[in-house]
Each structure stands twice: as structure tokens, then as C-alpha cells.
There are 2 protein chains.
Amino acid sequence: MEKLNNIHPGEVLKVEFLEPMGLTAYKLAKAIFIPQNRLSEIIHGKRSITVDTAIRFSKFFGTSPKFWLGLQMDYDLEEKKLEESPDIQEIKAFQE
Amino acid sequence: MEKLNNIHPGEVLKVEFLEPMGLTAYKLAKAIFIPQNRLSEIIHGKRSITVDTAIRFSKFFGTSPKFWLGLQMDYDLEEKKLEESPDIQEIKAFQE
DNA sequence: CAATTACTTATGTTTGACGTAAGTAAACTT
DNA sequence: AAGTTTACTTACGTCAAACATAAGTAATTG
């Protein structure tokens with residue numbers, strides 16, 4: 001069961017921010033006052049970006065919180081679509 | 001401590017969708033196959049719009065799931081800002 | 001008046017984000 | 001070379017919140 005290209009926010013954090021900026025997860029954790037395991041698990045796709053995390057990232061990187069929460073939202077929606085339950089498919093659009 | 005105008009997605013659902021469309025929460029719950037209390041609590045601001053709920057709403061109303069999750073995101077960010085913890089305020093933007 | 005509509009509240013379960021802490025290892029300091 | 005700091009991961013217990021089930025009350029409709 002392949003995870004067809006759905007990209008977790010932790011991957012973006014690592015590849016688009018930490019690596020090009022020459023930062024380690026350890027340094028980032030210190031800078032935004034969160035435990036290291038929170039970052040470690042995000043980077044490995046085992047934990048989601050929450051409002052709290054998004055705000056901390058935004059302060060440090062100068063992005064908007066919505067950027068991070070948007071990535072998470074896209075990821076979650078994609079994941080959900082890969083296992084959409086039968087009853088969801090039976091929902092009929094409202095008429096009139 | 002006033003909740004200065006932060007509008008919960010449940011309020012939008014009620015005022016912008018259910019009421020103008022002449023729908024009850026009961027009917028919507030049946031139509032999208034969720035328990036009534038899930039809707040009841042959303043409408044009263046006691047529960048959040050999740051990915052599952054957003055997808056169900058989108059199928060029924062013809063909106064995008066992101067519309068609903070975006071409303072929830074905006075609401076959550078606003079709520080968080082009203083009680084931003086001291087350590088968040090001390091985060092320094094990355095330099096160089 | 002019985003069934004359906006309509007809504008709320010109580011209860012118990014499960015999931016997932018959380019922090020603490022401990023473990024390993026590499027890279028610097030002294 | 002020993003010790004500190006950097007760096008990362010994993011284990012564990014807690015807590016909040018979304019979840020379904022179910023039961024309760026009213027009002028409306030057949």
C-alpha cells in the first residue's frame with residue numbers, strides 16, 4: 001500500500017527550511033521552546049502540526065501560521081481520501 | 001473576558017447554510033450519516049470541524065472541504081492568540 | 001394518540017498531542 | 001582522554017477532545 005506522494009508537513013520543514021538554513025531540529029526546538037521529541041515526531045510524520053506549533057514556526061521562520069496549518073490540512077485531506085468510508089460516498093448533494 | 005467576535009464554524013453552518021436553506025440539524029445529520037449530537041455540539045461551538053465532517057459537509061453543500069477546515073483554522077488561530085503563552089512571545093525570528 | 005421530527009445531555013471509549021525522561025552517539029572543549 | 005554540549009530517538013504516562021451510543025424531552029405530523 002503505497003503512500004502515493006502525499007507530502008507531510010514535517011518533510012517540508014526538513015527539506016525546505018532546516019536543511020537549506022543549516023539548522024538542526026535540536027536548535028529549532030530550543031529556539032521555539034518545545035521539547036525535542038515534538039519536532040522529531042513531526043519530521044518523521046508521526047505527529048501533526050497543531051495551532052501551537054504553527055504559531056511557533058511562524059514566529060521563527062517569518063511565515064504565516066496558516067502556511068503550516070494549510071500544509072497539514074492538505075495532507076490530512078489527502079490521507080482521508082485514500083480511505084474514504086463507504087457512507088461518505090453515498091452522500092447526496094442538497095437539491096433545491 | 002469577552003470573546004470579541006470570533007466566529008465559530010458552527011455559527012456559519014447555522015446562519016449561512018441551515019437557516020437560509022430551510023434545513024434542520026436533524027435532517028442534515030441524516031443526510032450525511034453522522035449522529036445528531038455531533039452536529040448539535042458543532043452548532044453550539046463545543047466541537048470542531050474535523051476532516052471527516054468537512055468532507056461530509058462539502059459533499060452535501062457543494063462547497064470545498066477546505067472552506068470548512070479553513071473556517072475552523074481561522075477560529076482556532078484567533079482563540080489561541082487571545083491567550084498566547086509567554087514563551088511564544090519570546091520566540092526570536094531566525095537571522096541569517 | 002402514536003410515530004416521526006428535533007434537539008440536548010450523559011456516559012464511556014479511543015485517539016492523538018503533550019511533556020518528562022532516558023537512552024545512544026557524535027562533535028566539540030578543556 | 002575525559003567531560004560537556006549537540007543531536008536525535010524511543011518509552012511512558014497524562015490529558016483533551018472527538019467519537020458513538022443511548023436516553024431524555026418536546027413539538028409536530030399523520
Side-chain angles (χ1 to χ4, degrees), chain A residues 8-11 13-15 17-57 60 65 68-69 71-73 75-80 82-88 91 94, chain B residues 8-11 13-15 17-57 60 65 68-69 71-73 75-80 82-88 91 94:
Chain A
H8 191 277
E11 181 75 9
L13 172 65
K14 188 183 167 204
V15 175
F17 288 84
L18 296 185
E19 284 173 359
M21 290 165 120
L23 280 170
T24 63
Y26 177 84
K27 277 183 195 155
L28 178 57
K30 297 289 177 194
I32 64 178
F33 312 116
I34 62 171
Q36 300 173 53
N37 70 336
R38 190 154 144 193
L39 260 186
S40 177
E41 291 176 12
I42 286 169
I43 288 171
H44 292 98
K46 295 177 196 154
R47 197 188 284 215
S48 297
I49 306 281
T50 60
V51 168
D52 183 89
T53 301
I55 290 176
R56 289 174 195 272
F57 283 1
F60 184 77
W68 296 101
L69 291 173
L71 287 180
Q72 187 65 52
M73 184 168 76
Y75 177 82
D76 291 342
L77 279 169
E78 202 57 44
E79 285 293 294
K80 184 76 179 180
L82 298 181
E83 42 107 4
E84 197 162 89
S85 61
D87 64 324
I88 287 189
I91 296 175
F94 177 69
Chain B
H8 192 277
E11 181 76 9
L13 173 65
K14 189 183 167 203
V15 175
F17 288 83
L18 296 185
E19 284 173 0
M21 291 164 121
L23 280 170
T24 64
Y26 177 84
K27 278 183 195 155
L28 178 57
K30 297 289 178 194
I32 64 179
F33 312 115
I34 63 170
Q36 299 172 54
N37 70 336
R38 190 154 144 192
L39 261 185
S40 178
E41 291 176 13
I42 286 169
I43 287 171
H44 292 99
K46 295 177 195 155
R47 196 189 284 216
S48 296
I49 306 280
T50 60
V51 169
D52 183 89
T53 301
I55 289 177
R56 288 172 196 272
F57 283 0
F60 185 77
W68 295 101
L69 291 173
L71 288 179
Q72 187 64 54
M73 183 167 77
Y75 177 82
D76 291 342
L77 279 169
E78 202 57 45
E79 285 294 294
K80 183 75 179 183
L82 299 181
E83 42 107 3
E84 198 161 88
S85 60
D87 65 325
I88 286 188
I91 295 175
F94 177 69

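Each chain gets a letter, A, B and so on, in the order its sequence line appears, and its residues count up from 1.
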| Once you round to the nearest 0.5 Å, how far does CG of A:L13 lie from CG of A:L39? | 6.5 Å
| request: Taking salt bridge (charged side-chain N to carboxylate O under 4.0 Å, His left out) as the test, write out the residues that go with B:E41, two or more places apart. | output: B:R47
Between the protein and nucleotides 25-27 of chain D, which nitrogen or oxygen pairs come in under 3.5 angstrom?
none

Write out a two-atom table: protein N or O, nucleotide N or O from nucleotides 11-14 of chain D, distance below 3.5 Å.
| residue | atom | partner | partner atom | Å |
| --- | --- | --- | --- | --- |
| D:dA11 | N6 | A:N37 | ND2 | 3.3 |

| request: Enter the distance from B:I34:CD1 to B:T50:OG1 here, rounded to the nearest 0.5 Å. | output: 8.5 Å
| request: Classify the ring geometry between A:W68 and A:F17 as parallel (under 30°), tilted (30 to 60°) or perpendicular (over 60°). | output: tilted
| note | The first and last nucleotides of DNA chain C lying within contact of chain A, meaning any atom under 4.0 Å from one of its heavy atoms, run from C:dA17 to C:dT20
| B:Q72 side chain vs B:I49 backbone, donor-acceptor pair below 3.5 Å | yes
| task | For A:K80 and D:dA18, give me the distance from atom NZ to atom C1', rounded to whole Å. | result | 12 Å
| field | Residues which pass salt bridge (charged side-chain N to carboxylate O under 4.0 Å, His left out) with A:D52, listed by chain and number, not counting sequence neighbours | value | A:R38, A:R56, B:K80
| End-to-end axis angle, where each axis spans five pairs of the helix from C:dC1-D:dG30 to C:dT30-D:dA1, to 10° | 10°
| said: List the residues meeting ring-ring contact (aromatic ring centres under 6.0 Å, His included) with A:F94, not counting sequence neighbours, and say none if there are none. | reply: B:F60
Residues 25-32 of chain A side chain polar contacts: donor-acceptor under 3.5 Å, at least two apart:
none

| task | Can you measure from CD1 (B:I43) to CG (B:N37) and round to the nearest 0.5 angstrom? | result | 11.5 Å
| task | Find the distance A:I34:CD1 to D:dA7:P and express it as a whole number of Å. | result | 15 Å
| Interface residues of residues 20-33 of chain A with DNA chain C (non-hydrogen, below 4.0 angstrom) | none
| remark: Under a 4.0 Å heavy-atom cutoff, the residues of residues 42-53 of chain A touching DNA chain D are A:H44, A:K46
| By side-chain hydrogen bond (donor to acceptor under 3.5 Å, both in side chains) - contacts of B:Q36 (at least two apart) | none
| Residue list, side-chain contact (heavy atoms from CB on, under 4.5 Å) with B:E84, at least two apart or on another chain | A:I55, A:K59, B:K81, B:I88, B:Q89
| note | Taken to the nearest 0.5 Å, the spacing of B:H44 NE2 from B:E11 CD works out to 10.0 Å
